[in-house]
Amino acid sequence: MPKISIIIPVYNSSKYISKCIESILNQTEADFEVLLIDDGSLDGSGNICDRYAVIDSRIRVFHKQNGGVSSARNLGLDNALGEMIFFIDSDDTVDKDYLEKLMIKSDEDYVISGVKILENDFLKPVMTNNEIFSDFNRFWVESRQWWPFMCCLSKKIIDEKHLRYNTDLKMGEDGLFNLLYLSYCKKVRRIQYNGYNYTDNSDSASHKLYLDRLEQQVKLMKELEKYFSKNDLQRMKWDLWNEVINHYEVKGVNSDDENIVSVTKKKLKDTYCSEVFRESLAYIRNEGSLDEKIRSYFMGIYKCKLYSPLIKIIQLMYRLKCKFLNRYGLRSYE
């Protein structure tokens, strides 16, 4: 039995998948299996996966009809043989010591690696379940472990708690899975290590406009509220609210298509009026940074003509602050 199972959902990744696989085969830790889940690719990605399976016996390939990344990851979990689970996206790569650095040790249940922008000095390296959930909002600010990668998970917990990705969600399903998994962990280790190399792929879902982004985020929050208290989710609600606003502003309002601009502006107003996300305003007015507190008041009343110029001023102030901190070698932990 392999020590580690690496699950890689593959969909139309022929430009990237070879580099991804090669980075895994070059690992300093060799006791692993790779599960390549071809999710109905149309560009020959499946054939590339098959060729690597012939070259290295540690690689297993599963071909399925296109069902989305969650169904692909679930198929990988159903067939994984290792004690530890790693998820890697097919257009990304990892440094050669990635598995070695992130492996679970002794009584640990979860190892989370760092993200460059979140490598904070106050990051507590080892935490118990009680410490995490005594102030989950703070833990979220420090970690924001929303992605399926950059972490090592215990297959035992996944099997015992029957954890699988929610295939009804089009976005945020990885965050839901991670947070549910985290709630069952007794001991978590966090390391300031950046061995996961994310590829900003222009063909990925993150670059597309989803007019139902608000509805999907509300659906995600409703799912989270089944398992976590509303108080624990206040900071996350604020971040997701801003994520929706940014999505509509960047990918919709700036569109050259007048119809998309018109529809997106309506979606923006719906977002500002969403009761699910407005619940976070009181928390941010007490616990947020200065610019967040200012934004919370304008978000609360929603004055369209005032909001846009205010945000531009806030963004300018933030850029100037970052420029100042970088110039003098200082760091911001807000």
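Quick caveat, the model's predicted, so the values are computed rather than measured. Sequential numbering from 1 along the given sequence is applied to the chain's residues.
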* Asked: Under the side chain to side chain donor-acceptor pair (under 3.5 Å) criterion, do Glu243 and Gln217 qualify, and how do the steps go?
  -> CA-CA 9 Å; Glu243 190 177 285; Gln217 294 287 47; 2.9 Å; yes
* To do: Using the side chain to side chain contact (heavy atoms under 4.5 Å, CB included) rule, take Asp135 and Asn137 through it: C-alpha gap first, then chi angles, then the decisive distance, then the call.
  => CA-CA 5 Å; Asp135 189 352; Asn137 288 293; 3.9 Å; yes
* Hey, mind stepping through Tyr283 and Asn231 against side chain to side chain contact (heavy atoms under 4.5 Å, CB included) and telling me if it holds? -> CA-CA 9 Å; Tyr283 175 84; Asn231 287 335; over 6 Å; no
* Take Ile104 and Ser154 through the test side chain to side chain contact (heavy atoms under 4.5 Å, CB included) and record every step on the way to the result. => CA-CA 8 Å; Ile104 291 172; Ser154 164; 4.1 Å; yes
* Tell me, with the steps shown, if Asp31 and Ile4 meet side chain to side chain contact (heavy atoms under 4.5 Å, CB included). => CA-CA 7 Å; Asp31 189 4; Ile4 296 169; over 6 Å; no
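Arg235 and Asp239 are joined by a salt bridge, as a carboxylate oxygen and a charged side-chain nitrogen come within less than 4.0 angstrom of each other. Classification of Lys170 and Asp212 as a salt-bridged pair holds, one side-chain N sitting under 4.0 Å from a carboxylate O. No salt bridge links Glu287 with Arg138; every basic N to acidic carboxylate O contact stays at or beyond 4.0 Å. A salt bridge is absent between Glu160 and Lys155; no separation between the charged side-chain nitrogens and carboxylate oxygens falls under 4.0 Å. For Glu83 and Lys3, the salt-bridge test fails: no basic side-chain N is under 4.0 Å from an acidic carboxylate O. Comment: Lys267 does not engage Glu249 in a salt bridge, judged by the lack of any side-chain N to carboxylate O separation of less than 4.0 angstrom. With salt bridges taken as basic N to acidic carboxylate O contacts below 4.0 Å, none links Glu22 and Lys19.
The number of heavy-atom neighbours closer than 6.0 Å to NZ of Lys293, taken from other residues, nucleotides and ligands shown, is above 12. Within 6.0 Å of atom NZ in Lys187, more than 12 heavy atoms from other residues, nucleotides or ligands are found, so the atom counts as buried in its surroundings.
Remark: the backbone N or O of Leu42 is paired with a side-chain donor or acceptor of Asn12 at under 3.5 angstrom. Between the Asp56 side chain and the Arg58 main chain, a donor and an acceptor come within less than 3.5 Å of each other. Of the possible polar contacts, one joining the Ser5 side chain to the Leu81 backbone as a donor-acceptor pair under 3.5 Å is found. In this structure a side-chain-to-backbone donor-acceptor pair under 3.5 Å is present from Tyr248 to Arg213. With Gln27 contributing its side chain and Asp95 its backbone, the two residues share a donor-acceptor pair below 3.5 Å. Glu33 contributes no side-chain N or O that, together with a main-chain N or O of Ile59, makes up a donor-acceptor pair within less than 3.5 Å. Within the 3.5 Å criterion, the main-chain N or O of Thr271 finds a donor-acceptor partner in the side chain of Trp241.
Taken to the nearest 0.5 Å, the CG atom of Leu281 stands 6.0 Å off from the OG atom of Ser296. The CD atom of Glu29 sits 11.5 Å away from atom CG of Asp97, with the distance rounded to the nearest 0.5 Å. Taken from NZ in Lys266 to CG in Leu211, the straight-line distance is 12.0 Å, to the nearest 0.5 Å.
Counting heavy atoms from C-beta on, the side chains of Leu233 and Met221 come closer than 4.5 Å. Inter-residue side-chain proximity for Ile21 and Val34 is flagged as unmet; no heavy-atom pair is nearer than 4.5 Å. At a threshold of 4.5 Å between non-hydrogen side-chain atoms, the residues Leu99 and Thr28 do not count as touching. With a 4.5 Å cut-off on side-chain heavy atoms, Phe177 and Asn166 do not count as touching. Side-chain contact between Val188 and Val126 is absent, with no heavy-atom pair separated by less than 4.5 Å. Contact check for Asp91 versus Cys20: no side-chain heavy atoms found under the 4.5 Å cut-off. Between Asp39 and Pro9, the closest side-chain pair of non-hydrogen atoms is not below 4.5 Å. Here the side chains of Asn194 and Ser113 are not in contact, with every heavy-atom distance at 4.5 Å or above.
When only modelled atom types and interatomic distance are considered, Gln234 and Glu279 share no side-chain donor-acceptor pair under 3.5 Å. Side-chain N/O atoms of Asp50 and His63 include a donor and acceptor closer than 3.5 Å. Inspection of the Tyr184 and Asn129 side chains reveals no N or O donor paired with an N or O acceptor under 3.5 Å. Thr93 and Asn197 share a side-chain donor-acceptor pair at under 3.5 Å. A donor atom on one side chain and an acceptor atom on the other are not found under 3.5 Å apart for Asn259 and Ser262. Between Thr128 and Asn130, the side chains place no donor N or O within less than 3.5 Å of an acceptor N or O (distance only, hydrogens not considered). In this model, a donor atom of one side chain and an acceptor atom of the other lie less than 3.5 Å apart for Asp43 and Ser14. With hydrogens and angles left out, the side-chain atoms of Ser289 and Asp291 include a donor and acceptor closer than 3.5 Å.
When the side chains of ILVMFWY residues are joined at heavy-atom separations under 4.5 Å, either directly or via intervening members, Tyr210 and Tyr11 end up in two distinct hydrophobic clusters. Hydrophobic clustering (ILVMFWY, side-chain heavy atoms < 4.5 Å, transitive): Tyr227 and Leu182 are in one cluster.
Closest non-hydrogen pair, Leu179 versus Phe228, comes out as O-CZ, 3.3 Å. Taking each heavy atom of Met150 and Tyr196 in turn, the nearest pair found is CG-CB, 3.6 Å. In this structure, Phe139 and Ile112 approach most closely via the heavy-atom pair CZ-CD1, 4.3 Å. Residue Ile191 comes nearest to Arg189 through the heavy atom pair CG2-NH1, 3.4 Å, listed as atom of the first residue, atom of the second, then distance. Here the closest heavy-atom approach between residue Gly288 and residue Glu292 is recorded as CA-OE1, 3.3 Å. Here the shortest heavy-atom pairing between Ala53 and Val61 reads CB-CG2, 3.8 Å.
Each of Ile7, Leu35, Leu36, Asp38 was compared with Phe62 under the side chain to side chain contact (heavy atoms under 4.5 Å, CB included) criterion, and only Leu35 meets it. The side chain to side chain contact (heavy atoms under 4.5 Å, CB included) test with Ser13 singles out one residue from Cys49, Ser41, Ser45, Ser18, and that residue is Ser45. The one candidate from Tyr110, Phe87, Phe86, Tyr181 that meets the side chain to side chain contact (heavy atoms under 4.5 Å, CB included) condition with Cys151 is Tyr110.
Lys219 meets the side chain to side chain contact (heavy atoms under 4.5 Å, CB included) test with Asp168, Leu169; sequence neighbours excluded.
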For residues 68-78, tabulate all N or O donor-acceptor pairs below 3.5 Å that involve a side-chain atom, not counting sequence neighbours.
| from | atom 1 | to | atom 2 | distance (Å) |
| --- | --- | --- | --- | --- |
| Ser71 | OG | Lys64 | NZ | 3.0 |
| Ser71 | OG | Gly67 | O | 3.2 |
| Ser71 | OG | Gly68 | O | 2.8 |
| Arg73 | NH2 | Asp89 | OD1 | 3.2 |
| Asn74 | OD1 | Tyr165 | N | 2.7 |
| Asn74 | ND2 | Ser70 | O | 3.3 |
| Asn74 | ND2 | Tyr165 | O | 3.0 |
| Asp78 | OD1 | Arg164 | NE | 3.0 |
| Asp78 | OD1 | Arg164 | NH2 | 2.9 |

